[in-house]
Amino acid sequence: NLGLPVGLTGVAGAPGFHSMSLTILGSPVINSTTAYIEAGRFIFSNLFAAPFTALKTNVWVNGGTGSIRVIDLITSTVIYENTNITSTSAVNIETAIAQSIYSVASALLSVQFKASAGQTINIASSVFYYSP
């Protein structure tokens, strides 16, 4: 008994929703290399939420193409990857639907991104959600 407050835990297996702001003082995270770097991470477990079925990410490049992926850092399993980000607009939202974004008892999911050679990619936010 640590004396911590305990609230409602929700129904096991209920649809999940998770929103990640990947900005620092309003500025997006930037990567100018061809190596994946982490923009953010979160814990997921199918003990408290159904697998996410969709993903929206505010991501854009200055030219050429860029890539984003979601990877489980515990198992190194790539959950989702898009290697064809082409929009140069800061209001671009990349959408992945009809996905099964993981169903395990314990995962540490990382949102990562990289640019193509000589380019810069920016990422500002990601939303994971369940869409029936």
Side-chain angles (χ1 to χ4, degrees):
N1 184 355
L2 299 175
L4 299 174
V6 177
L8 298 175
T9 59
V11 178
F17 174 90
H18 179 72
S19 179
M20 302 173 64
S21 176
L22 305 171
T23 61
I24 298 175
L25 299 174
S27 297
V29 182
I30 300 170
N31 184 3
S32 298
T33 73
T34 58
Y36 275 110
I37 65 167
E38 183 176 81
R41 66 173 70 174
F42 67 100
I43 297 168
F44 174 78
S45 172
N46 64 8
L47 299 177
F48 58 79
F52 299 108
T53 59
L55 166 67
K56 290 185 180 282
T57 300
N58 176 212
V59 59
W60 67 99
V61 293
N62 68 331
T65 60
S67 303
I68 61 170
R69 73 178 178 186
V70 178
I71 186 170
D72 180 352
L73 296 176
I74 295 172
T75 65
S76 298
T77 303
V78 175
I79 310 308
Y80 171 78
E81 187 170 28
N82 180 349
T83 59
N84 194 33
I85 308 295
T86 58
S87 178
T88 60
S89 171
V91 295
N92 180 58
I93 298 174
E94 292 290 326
T95 302
I97 57 173
Q99 303 293 310
S100 179
I101 303 179
Y102 235 32
S103 180
V104 295
S106 187
L108 185 55
L109 300 183
S110 171
V111 176
Q112 301 176 348
F113 68 125
K114 68 178 180 177
S116 56
Q119 304 300 321
T120 299
I121 187 168
N122 306 269
I123 190 168
S125 61
S126 287
V127 175
F128 293 79
Y129 59 100
Y130 175 83
S131 178

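Atoms considered below: every heavy atom in the structure, side chains included; atoms not considered: hydrogens, waters and symmetry mates. Predicted model, so just to flag it, every value in this text is computed and none were measured.
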Q.
Assigning hydrophobic clusters by single linkage (Ile, Leu, Val, Met, Phe, Trp, Tyr; side-chain heavy-atom cutoff under 4.5 Å), is Tyr80 placed with Trp60?
A. no
Q) In Å and rounded to the nearest 0.5 Å, what is the CD1 to CD1 distance from Ile79 to Ile71? A) 8.0 Å
Q. What is the distance from atom CD1 of Ile68 to atom CD of Glu94, rounded to the nearest 0.5 Å?
A. 6.5 Å
**Q.** From Thr95 atom OG1 to Asn82 atom CG, the distance as rounded to the nearest 0.5 Å
**A.** 10.5 Å
Q: With sequence neighbours excluded, tell me which residues meet side-chain hydrogen bond (donor to acceptor under 3.5 Å, both in side chains) with Thr88.
A: none
Q. Mind checking who shares a hydrophobic cluster with Tyr36, ILVMFWY linked at side-chain heavy-atom distances under 4.5 Å?
A. none
**Q.** Distance flag, aromatic centroids of Phe128 and Phe44, threshold under 6.0 Å
**A.** no
Q: Would you please name every residue forming a salt bridge (charged side-chain N to carboxylate O under 4.0 Å, His left out) with Arg69, sequence neighbours left out?
A: none
Show me the donor-acceptor pairs, under 3.5 Å and distance only, between side chains in residues 24-34 and residues at least two apart or in other chains.
{"residue": "Asn31", "atom": "OD1", "partner": "Thr33", "partner atom": "N", "Å": "2.8"}
{"residue": "Asn31", "atom": "OD1", "partner": "Thr33", "partner atom": "OG1", "Å": "2.8"}
{"residue": "Asn31", "atom": "ND2", "partner": "Ala35", "partner atom": "O", "Å": "3.0"}
{"residue": "Asn31", "atom": "ND2", "partner": "Phe113", "partner atom": "O", "Å": "2.9"}
{"residue": "Ser32", "atom": "OG", "partner": "Thr120", "partner atom": "OG1", "Å": "3.1"}
{"residue": "Thr33", "atom": "OG1", "partner": "Ala35", "partner atom": "N", "Å": "3.3"}
{"residue": "Thr33", "atom": "OG1", "partner": "Ala35", "partner atom": "O", "Å": "3.2"}

Q.
If I compare all heavy atoms of Thr57 with all of Ser126, which pair ends up nearest, and what's the gap?
A. OG1-OG, 3.1 Å
(Q) Looking at every non-hydrogen atom in both residues, tell me the closest pair between Leu108 and Ile74 and how far apart they are. (A) N-CD1, 3.8 Å
Q. Is there side-chain contact between Gln112 and Leu73, with heavy atoms separated by less than 4.5 Å?
A. yes
Q: Tell me, please, which residues at least two apart from Glu38 pass salt bridge (charged side-chain N to carboxylate O under 4.0 Å, His left out).
A: Arg41
Q: Check the pair Asp72, Leu109 against side chain to side chain contact (heavy atoms under 4.5 Å, CB included), reporting the backbone distance first and the verdict last.
A: CA-CA 5 Å; Asp72 180 352; Leu109 300 183; 4.1 Å; yes
**Q.** Leu55 with Ile43, same ILVMFWY side-chain cluster at under 4.5 Å
**A.** no
Q.
Are Phe52 and Leu22 linked, directly or through intermediate hydrophobic residues, by side-chain heavy-atom contacts shorter than 4.5 Å (ILVMFWY only)?
A. yes
Q. Going from OG1 on Thr23 to CD1 on Ile123, what distance comes out if it is rounded to the nearest 0.5 angstrom?
A. 11.0 Å
Q: Carefully, step by step, assess Thr83 and Thr65 under the rule side chain to side chain contact (heavy atoms under 4.5 Å, CB included).
A: CA-CA 7 Å; Thr83 59; Thr65 60; over 6 Å; no
Q) Do Met20 and Ile85 belong to the same hydrophobic cluster, where Ile, Leu, Val, Met, Phe, Trp and Tyr are linked whenever their side-chain heavy atoms lie under 4.5 Å apart, directly or via other members? A) yes
Q) Are side-chain heavy atoms of Ile97 and Thr53 found at a separation under 4.5 Å? A) no
Q | side-chain hydrogen bond (donor to acceptor under 3.5 Å, both in side chains) against Ser89, all qualifying residues, sequence neighbours excluded | A | none
